[in-house]
Amino acid sequence: MKKIALANLGSVSYAISASFKLLGFDAEIVQPLNVINSKLGENNLKSELCFPLKLILGDFLSVAPIKPDYAVFYSGCDLCSLTPSKDVFLDVFKDFDWYPTTFSIDIKNKINFLRDWYNLLKVITSINSLSIIKSMIKGFKVLKQLEDLDRLFCMLRATAKNKYELEQKYSELKNKIISFERVNLSKEFQKEKLLLKENSSALIGIMGDTYSLMESFAIRDIDKKLGYCGIYVDKWLKNKYIKRKSKNSFSLKEYFHNNYGVYTDYELKKLEKYVRMRYDGVVFISPFGCNPNDAVKLQVLNVLNYFDIPFLQIITDVHDNDEMIKTRIEAFADLVSRKNKQ
């Protein structure tokens with residue numbers, strides 16, 4: 001049986017893994033991001049390269065001893081150099097006597113993503129197209145359910161009475177979705193969702209590095225930390241749990257006169273949404289040494305200052321102090337909550 005290693009990328013990885021399993025192939029998502037893997041990546045990559053690249057490399061090296069036949073990367077994020085970094089990774093893999101066949105899946109837009117996903121399944125499994133498409137449909141349902149689960153829990157944490165029970169419930173539902181069990185979130189949280197109708201708590205939007213926002217460890221669970229400070233959190237362009245209406249006709253074109261450059265359209269559209277709906281604050285996630293993020297941060301800050309929206313930048317790195325980040329988050333949450341009440 002062919003061994004397939006998938007790089008971690010939140011719900012995307014689970015969706016692709018699910019489609020492989022439905023076709024009778026075992027595609028393992030490399031170990032969840034953790035401190036051990038982070039160190040493994042740091043020790044085998046140049047220090048000036050960014051935190052996400054070290055995390056991805058560390059995850060792959062954690063499975064190098066079992067020598068998977070295939071390694072699946074993600075590309076298309078124009079915030080960084082994920083695509084060319086694959087060649088750097090392959091040189092490191094050689095030091096571990098691992099020579100996998102590699103594939104890249106473009107995550108920048110839906111059409112490219114579905115195309116690369118289909119080609120990946122077709123090349124590795126050699127199964128007929130109809131079966132592949134059916135497996136992708138089910139895998140896509142897994143992706144959408146996991147995203148909906150995250151959206152909902154980023155709201156529920158703000159009013160949670162017992163965070164440990166809530167996180168246990170989250171893990172339970174996540175495992176059910178990954179195992180293809182039917183999960184009805186509306187029925188599961190019928191009473192809790194009633195509390196979200198007016199969105200009375202302060203609301204913070206998270207934006208910045210695309211990869212980091214899809215991995216909790218990469219952003220040090222900042223979304224959870226904000227939630228347990230009594231803050232509603234949103235990091236998506238579309239979110240049915242946010243009930244606020246647009247309060248102005250803000251358009252990015254009024255402030256970004258030049259080409260957006262390397263910055264993703266998706267994140268800029270989120271900024272436009274945050275301003276239009278008058279979010280109470282914005283947290284900007286940026287890996288240490290990421291020049292594209294640093295360049296656009298100043299433009300984003302100018303827009304938020306103009307509309308008097310509080311802003312906090314969190315720079316992530318392998319040497320992060322979790323307690324220090326928690327302290328900054330709590331202070332920002334307190335500022336935003338007080339401003340919201342006023």
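All values below come from the heavy atoms of this structure, side chains included, with hydrogens, waters and symmetry mates left out.
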Hey, is the main chain of [Y] close enough, under 3.5 Å, to the side chain of [X] for a donor-acceptor pair?
X: Y74; Y: A7; answer: yes
X: K225; Y: R220; answer: yes
X: N162; Y: E165; answer: yes

Is there a side-chain contact between [X] and [Y], using heavy atoms and a 4.5 Å cut-off?
X: S17; Y: E28; result: no
X: I124; Y: T101; result: no
X: F140; Y: S19; result: no
X: Y274; Y: L203; result: no
X: V336; Y: L312; result: no
X: L146; Y: K174; result: yes
X: I127; Y: L121; result: no
X: Y306; Y: N302; result: no

Nearest-0.5 Å distance that lies between atom [atom1] in [X] and atom [atom2] in [Y]:
X: W117; Y: I107; atom1: CH2; atom2: CD1; result: 13.5 Å
X: L6; Y: L120; atom1: CG; atom2: CG; result: 7.5 Å
X: S13; Y: I105; atom1: OG; atom2: CD1; result: 8.5 Å
X: I231; Y: D280; atom1: CD1; atom2: CG; result: 7.5 Å
X: R151; Y: I242; atom1: CZ; atom2: CD1; result: 10.0 Å
X: E147; Y: D150; atom1: CD; atom2: CG; result: 8.0 Å

Would you call [X] and [Y] a salt bridge, taking side-chain N to carboxylate O under 4.0 Å as the test?
X: K176; Y: E172; answer: yes
X: E167; Y: R157; answer: yes
X: D308; Y: K339; answer: yes
X: K144; Y: D148; answer: no

- Residues, nucleotides or ligands: over 12 heavy atoms within 6.0 Å of K2 NZ: yes
- Message: Counting neighbours of NZ on K122 that are heavy atoms of other residues, nucleotides or ligands and sit closer than 6.0 Å, is the number greater than 12?
- Response: yes
- Do I66 and L40 sit in the same hydrophobic cluster, where Ile, Leu, Val, Met, Phe, Trp and Tyr count as joined when their side-chain heavy atoms come under 4.5 Å apart? yes
- Hey, can you tell me if F311 and F284 have their rings parallel, tilted or perpendicular (30° and 60° cut-offs)? tilted
- Query: In terms of the angle between their ring planes, are F60 and F89 parallel, tilted or perpendicular, with boundaries placed at 30° and 60°?
  - Reply: perpendicular
- Message: Ring of Y232, cation from R244 - is the NZ or CZ under 6.0 Å from the centre and inside 45° of the axis?
- Response: no
- Taking it one step at a time, do E267 and D209 satisfy side chain to side chain contact (heavy atoms under 4.5 Å, CB included)? CA-CA 9 Å; E267 292 300 307; D209 175 52; over 6 Å; no
